[in-house]
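For reference, the structure is listed below as structure tokens.
To find a chain, count down the sequence lines: A is the first, B the second, and so on, and within it residues start at 1.
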2 protein chains.
Amino acid sequence: MAHKYVYMFKEGDKDMKNLLGGKGANLCEMIKLNIPVPNGFIVSTEACTDYNKNGKKINDDIKKQIDDCVTQLESISGKKFGDSTNPLLVGVRSGARVSLPGMMDTVLNLGINDAAAEGLAKSAGARFAYDSYRRFIMMFADVVIGVSKHDFEHDLAKFKEEKGYKDDTELTGDDWKAVVERFKKIYRDDQGKDFPGDAKEQLYGAISAVFESWDNERAFVYRRMNDIPYEWGTAVNVQQMVFGNLSDTSGTGVVFTRNAATGDNHVYGEFLMNAQGEDVVAGVRTPLNFTELEKVNKAVFDEFMTHARLLEKHYKYMQDMEFTVENGKLYILQTRNGKCTAHAALKIAIDLKNEGILTEEEAILSVDPKALDQLLHPQFDDASLKAAKKIGAALPASPGAAVGKVYFEAADAVEANARGESVILVRLETSPDDIMGMEVSKGILTAKGGMTSHAALVARQMGCCCVSGCEEIRFSGKSFTLGGETIKEGDYISLNGSTGNVYLGQVKTVEVDTDKGDFGTFMGWVEKVKGAVGVRTNADSPKDAKKALGFGATGIGLTRTEHMFFDPDRLPKVRKMILAENEADRRAALDELLPLQKNDFKGIYETMEGRPVTIRLLDPPLHEFMPQTEADFEAMAKDMGKSVADIKAKATSLHELNPMMGHRGCRLTVSYPEIGEMQTRAIIEAAIEVKKEKGFDIKPEIMIPLVGDVKETKFVRDIIDRVAKDLVAKAGISLDYAVGTMIEIPRACIVADKIVSEAGSEFFSFGTNDLTQMTYGLSRDDAGRILKDYIENVIYEGDPTAKLDVNGVGELMRTAVEKGRKANPKLKIGICGEHGGDPYSIAFCASIGLDYVSCSPFRVPIARLAAAQCAIRGNK
Amino acid sequence: MAHKYVYMFKEGDKDMKNLLGGKGANLCEMIKLNIPVPNGFIVSTEACTDYNKNGKKINDDIKKQIDDCVTQLESISGKKFGDSTNPLLVGVRSGARVSLPGMMDTVLNLGINDAAAEGLAKSAGARFAYDSYRRFIMMFADVVIGVSKHDFEHDLAKFKEEKGYKDDTELTGDDWKAVVERFKKIYRDDQGKDFPGDAKEQLYGAISAVFESWDNERAFVYRRMNDIPYEWGTAVNVQQMVFGNLSDTSGTGVVFTRNAATGDNHVYGEFLMNAQGEDVVAGVRTPLNFTELEKVNKAVFDEFMTHARLLEKHYKYMQDMEFTVENGKLYILQTRNGKCTAHAALKIAIDLKNEGILTEEEAILSVDPKALDQLLHPQFDDASLKAAKKIGAALPASPGAAVGKVYFEAADAVEANARGESVILVRLETSPDDIMGMEVSKGILTAKGGMTSHAALVARQMGCCCVSGCEEIRFSGKSFTLGGETIKEGDYISLNGSTGNVYLGQVKTVEVDTDKGDFGTFMGWVEKVKGAVGVRTNADSPKDAKKALGFGATGIGLTRTEHMFFDPDRLPKVRKMILAENEADRRAALDELLPLQKNDFKGIYETMEGRPVTIRLLDPPLHEFMPQTEADFEAMAKDMGKSVADIKAKATSLHELNPMMGHRGCRLTVSYPEIGEMQTRAIIEAAIEVKKEKGFDIKPEIMIPLVGDVKETKFVRDIIDRVAKDLVAKAGISLDYAVGTMIEIPRACIVADKIVSEAGSEFFSFGTNDLTQMTYGLSRDDAGRILKDYIENVIYEGDPTAKLDVNGVGELMRTAVEKGRKANPKLKIGICGEHGGDPYSIAFCASIGLDYVSCSPFRVPIARLAAAQCAIRGNK
């Protein structure tokens, strides 16, 4: 028997998401639960893969299976494709393994042709029939064929003008029929052939279009943001149409079973009577609150609530549902686990646990670690907020506080962000085309659209503040007026996504206290999970260290000593060291830096109270400390008592063709052992003093960066040992310290065993930023153009350095772990690259047996949750 | 029982070189063969390793073993350390596994103290005894302690002045005794303690000094040049002294059993009567030809010849021997396989084979592949030579023709070479301190020293032309006069190392015909060796290809298409392509390049006559084709009809922070598929035309550079396939081609299996230049300062990119080979990096199963010999 590619709804269930897509699997499941769902069938994700392999064609076998399912659907519905009496119309929708909201294209009312329109006119009236027909032509032409819908809209406007109509409602059935003919002509003129009257041809076309929408740029962006592999592909749902726009007893709505912004246990949604589903989602008409439905049709409302409660219990999570009422009969079109704010996610997880629906572990697994990010961002300072000039208020679509400069176009927002500006994107309404602009914005303000509009949905997922539906906004070129103020491009505004208020200028923000409430409760559960990878933080100051401790970090995985060198007070001393013409002068300059650096470390040790602290020796090439501009050169020359020419000559001598692979990391200490000596002295003396003064049992971990060879490791280690042992002996107290290596050069992974056995490395920490760049031979600084072309050509789905490259870099890491542990089974191994705060990468780190990950303070809770989830899933 | 670290000569044999060093093992062997060798013992290389590990101290156990051997030696010789009647004196010499001529320090006459001097005076006279004593003090103080010998020399000169002596021979025994006391005082003043009178203390000190001489800079340079690992360490030979300076019936000499310059089967050497061995080697006095010894003392001459013939047969190679005659009795002090010119090496190998001493395989193994290099370099053009002005003639110490600018100091030579100049180093005589200058020189001219002087020995090993002993040279500051001409620093001269002639200015050179004579015979034997790794060439032009074919290359492993792009006629077209603002303009520029590039390939195919040709797609970043200077920018702007500002803006946009890891290699074809298309078209059209025109069965191998990912490989491969298949179909003839990948990014090694199975790569070629840089995270362009410091600190022994890094890069290569062959057991794998011509690297490539190596035409014979030797040894 041929491979099965197409499934009737009754053939699937919720566990078949990989094959049928999330939407499809849930439709199947609802059929099983006897929930009223318009019937249909699903073309599987495997068919999508086959389509892409098969030169973008649906193969004949799959076509045949589609035909069989159409026949079955005709039989179930008692309707027939293209029938002039009782025509079968279907909606064709995408449905990937996980939902890509708004990303994929949809075709509704498919199956209408002249005969079917006639049939539809018989049951629903000519007005409805030909209105549906013209909508279908426009949607099909736009989505499947690529004829611009503006051509149709423009023609309709012209027709209305000719007729003297102001509003669509004034058109009669005959008018719409005339419009259908005009639309067909537009299609014919554009395509050089007639609009396809054959329903099967329409269906194949629409299915192909859905498959191809997997390849559009918006889909790539969304997948990249959400770690969704291209390979998954999308399924296609073909479902009998029901019409919310058939009559005044018809309608359509979108409902969350709990409040997606707050997590409150109340249904929260919107509906429109006499409308199609897309009208609600697109935010074109402002809908009614769902609870109003009880007044409009209590039976339907009650029935919906019964289904909603059942589904929430069944799926053990808040549901995001779509429904349509056709002439008073309720249909559920979709259910899925609802996306919500991090705040809501925590509350829902805790409530569901308390309601006995979830176990504690299930509750932990129910929250996306990435979502926590938005909880950790600042909110407005109360006093400043009171003093601020409020210029408007609208829907609090996604919580948080955002301050930034106004831009009106996604592309402008991207550019401004690249310049380092904080951006607020202001739009009439957002569309999937805006996603790149939304991605870089601190906040989004829209004039149209409700709480379930595109802008609101996307902003909530991204943890980006959003105020939507601010209808008082009046646009005028690159400016808008609101509350009597005119705000031009580049002007500052502030948004409160939790209240919906809009303020003029920059309102001061404060950081959130995350110790208390749901966050505290939830992280308390996370804390209890056994066997999770440890979470340390990257911190260069007591302030960062304290912040991370508050977020539950168990130690410091990376202190970058160079960040202290860049301090404006110290830079002259660092430069003096660089300009030194001999070792004695260099030592003199370093002697000035020593007490400063020692104090930095003391502050960090005191904050960490005996928890592990890993300090990395100086890493960047020295030219990074040299001036960039002419004025800087002059200032430095004056400061150093040298000529500008001398300073420039030094800068030139430090210039490197490939600085990433140049004179940096441990290579600096090989050239200037006195740098490593000074830093070791600062690290050890600080530890001795804090141990004596405060009694903390400090064991500094000194990390040698950019190691690639055994002997170089040994050379630097010997310097550290010599200085450290001498200091400890003189101090007259016992002090342990460990010397380890940052593993960030491919060769270090390959000779990892010897780095442990011959150079005595006591710990490893993967510097996956550099390791990735060198393993790929790709400089992140230069990757812009390359990545653009690679992503456009579907070679990479995103920046391969953004998440851990498990197949390449990961293999090298695995090798290093295996070799290192073979030499010393107790070798402590962590990661301190940016990947240490990325859930996907953390899962990999857990799977290869790392002891800890280290990330920036604000990522610590995310990492802790990700680590706990890995442990619950068995660290596989 | 404790580990044995010290061996009497009778306890060793020639196969114990690793433990006893080459010199020591051969001394042991000669004892076995009953050849008269002054007896002694050897402190092993393991003791050297222990010394270095043990904080630069000889451990007590080893000291005890030394003491035991001293006792045995006293018993054998009937003399006693420090004895006032019959004192034992020893020489202490270094002896590593392979010889490092002139590199290591030696201490002679050790054991003299006041009592022993008295004893020596009894048997050999006071003059000899105290002369020997003062020599020892000076040598010991200089070599072991580090007191400058100039202090002693200066004092001796003063003493002679006081006494009114002109010459050393005028000093009496009492004078020398007085000098000894003065020398002791110098030592005491410098060191704050007395000169060590205890013979054991002297001995431990000398042994330590030999161990430490392994760490001196000259030793590092020599090891780097000769692939000798630091780990080997050196042994120390402690040998009873015999004195060539005891009387007029005493003497010393150095002999090669054949002519080291020509290979002729005649003993060739030099000797001095009444002299110590160092006098001959150092070239201070001009010695007599060895054959003169027959007249001086026929019995000794005959005895020597008997030993020489025996040793040559025993070692199956030309021997380099040192001897001393003490009061008419012959002692052999050393024998070893002689170093000689490549020309001589071939002749000797062939003669020894013809004499039945060597088998053909042994003969092949007897020639160092690197030595062939000097055979392949140019010689003087006969006509030009006749027209040239000869200004002097001296010893033809190392053959070949050299033309260059004169420099007098090693450091100046190094700098001039770095500026790209050809250098002739002119010195009074060379010393090991000059080795870095010699390394970069095309030729060496010395005023003093014979055929076995330091300059001659080193030059022959390096394949560098050398004329020595040109005593007419008169130096004056940074110039010299010779033959009436004054040559200043930077002036050109020409040297003929085969005749010893020196010419004014630049004499024209021609290339050597290597088809004939010994070279032809020898390479004929090499040709016959079965199972050797194939040798291809890197060639970008028919001329290179033809040259390589002449040297026996079996195909082309790398044609760099960018070399054609840099052609001045084409650069404007390439720049037009780069400046193109859209694909159409780019295609137009590429269309102009197409016929030119196609013709290049036709020429190469025609030359190669159907042998495999691998062509790599464009590799360098585009900014390499942009102007460098202001004038260039202006010229280009004029040429392109654009403003200088526009051109500069483009150059700026192409600038990269780390170009090595930037937009180059296959990344260019991803961004501009039309480049890959044009190149594929040129490659395939040229093949079709040459196949049609000449009938050669051409199968182009198209190589994709800088691959790191499966999909990118597939993307480029698809472009190649599309263009190629279309062209072949249209041509109406069959033409096979292969598409493969250059493996030069670490990640490519890790995903090698998928590059074969999923992207269909048909061959791999390792680009070990880039692979090494990325694996080490070390940019060769920026490595200067780093390497200097690493070499000084004994972290690296040389540029780690110069020979294949077996432990790091090699492991990645092994992984790639294993994974690639797992996906396709017949996968063809080669190497086209610079390592492809390096014997050490070739051995590794053979051991991991590579099918071929590819190198520059002049390296082809070297690679072929290295490959044959690996095959004979079993490719292990």
Note to self: Please classify the contact of A:K754 with chain B as side chain, backbone, both or neither, using a heavy-atom distance under 4.5 Å.
What the structure shows: side chain
Notebook entry, point to check: If you look at every heavy atom in A:L668 and A:D619, which pair is closest and at what distance?
Noted result: CD1-O, 4.3 Å
Checklist line | Exercise: identify the closest heavy-atom pair between B:A823 and B:D753 | finding: CB-O, 3.5 Å
Note to self: Under a 3.5 Å cutoff, is there a donor and acceptor pairing between the side chains of A:S761 and A:T741?
What the structure shows: yes
Next item on the list: With a 4.5 Å cut-off on heavy-atom pairs, point out which of B:G662, B:S671, B:G708, B:C749 contacts chain A the most.
Entry: B:S671
Next item on the list: Compare every heavy atom of B:P746 with every heavy atom of B:M774, then report the nearest pair and how far apart it is.
Entry: CB-CD, 3.6 Å
Next item on the list: Report the option among B:N658, B:D789, B:V809, B:L657 that has the most heavy-atom pairs separated by less than 4.5 Å from atoms of chain A.
Entry: B:N658
Next item on the list: Against chain A, work out which of B:I745, B:L778, B:N807 has the most heavy-atom pairs shorter than 4.5 Å and name it.
Entry: B:L778
Next item on the list: Indicate the atoms forming the closest heavy-atom contact of B:P659 with B:H623, along with that distance.
Entry: CB-NE2, 3.6 Å
Next item on the list: With a 4.5 Å cut-off on heavy-atom pairs, point out which of B:I750, B:L812, B:T775 contacts chain A the most.
Entry: B:T775
Checklist line | Pair B:E231 + B:K53: basic N to acidic O under 4.0 Å | finding: no
Item checked: Interchain contact, A:V751 with chain B, by part (heavy-atom threshold 4.5 Å) -> side chain
Item checked: Contact origin within A:Y776 toward chain B - heavy atom pairs under 4.5 Å -> both
Notebook entry, point to check: Does A:R722 pair with A:E677 as a salt bridge, N-O distance under 4.0 Å?
Noted result: yes
Notebook entry, point to check: Among B:R780, B:K714, B:E656, which residue forms the greatest number of heavy-atom pairs with chain A at distances under 4.5 Å?
Noted result: B:E656
Checklist line | Salt-bridge present (A:R814, A:E811; N to O < 4.0 Å) | finding: yes
Check: For A:E744, is it the side chain, the backbone, both or neither that has a heavy atom under 4.5 Å from a heavy atom of chain B?
Finding: neither
Checklist line | salt bridge (Lys or Arg N to Asp or Glu O under 4.0 Å) evaluation trace for B:D770 with B:R664 | finding: CA-CA 12 Å; B:D770 280 8; B:R664 50 177 285 242; 2.7 Å; yes
Check: A:S779, A:G665, A:A783: which one forms the most heavy-atom pairs within less than 4.5 Å of chain B?
Finding: A:S779
Check: Quick one: what part of A:D709 sits under 4.5 Å from any heavy atom of chain B, side chain, backbone, both or neither?
Finding: side chain
Item checked: Residue part contacting chain B, namely of A:D805, when any heavy atom lies under 4.5 Å -> side chain
Item checked: Top contributor to chain A contacts, counting heavy-atom pairs under 4.5 Å, from B:M660, B:H655, B:H663, B:R667 -> B:R667
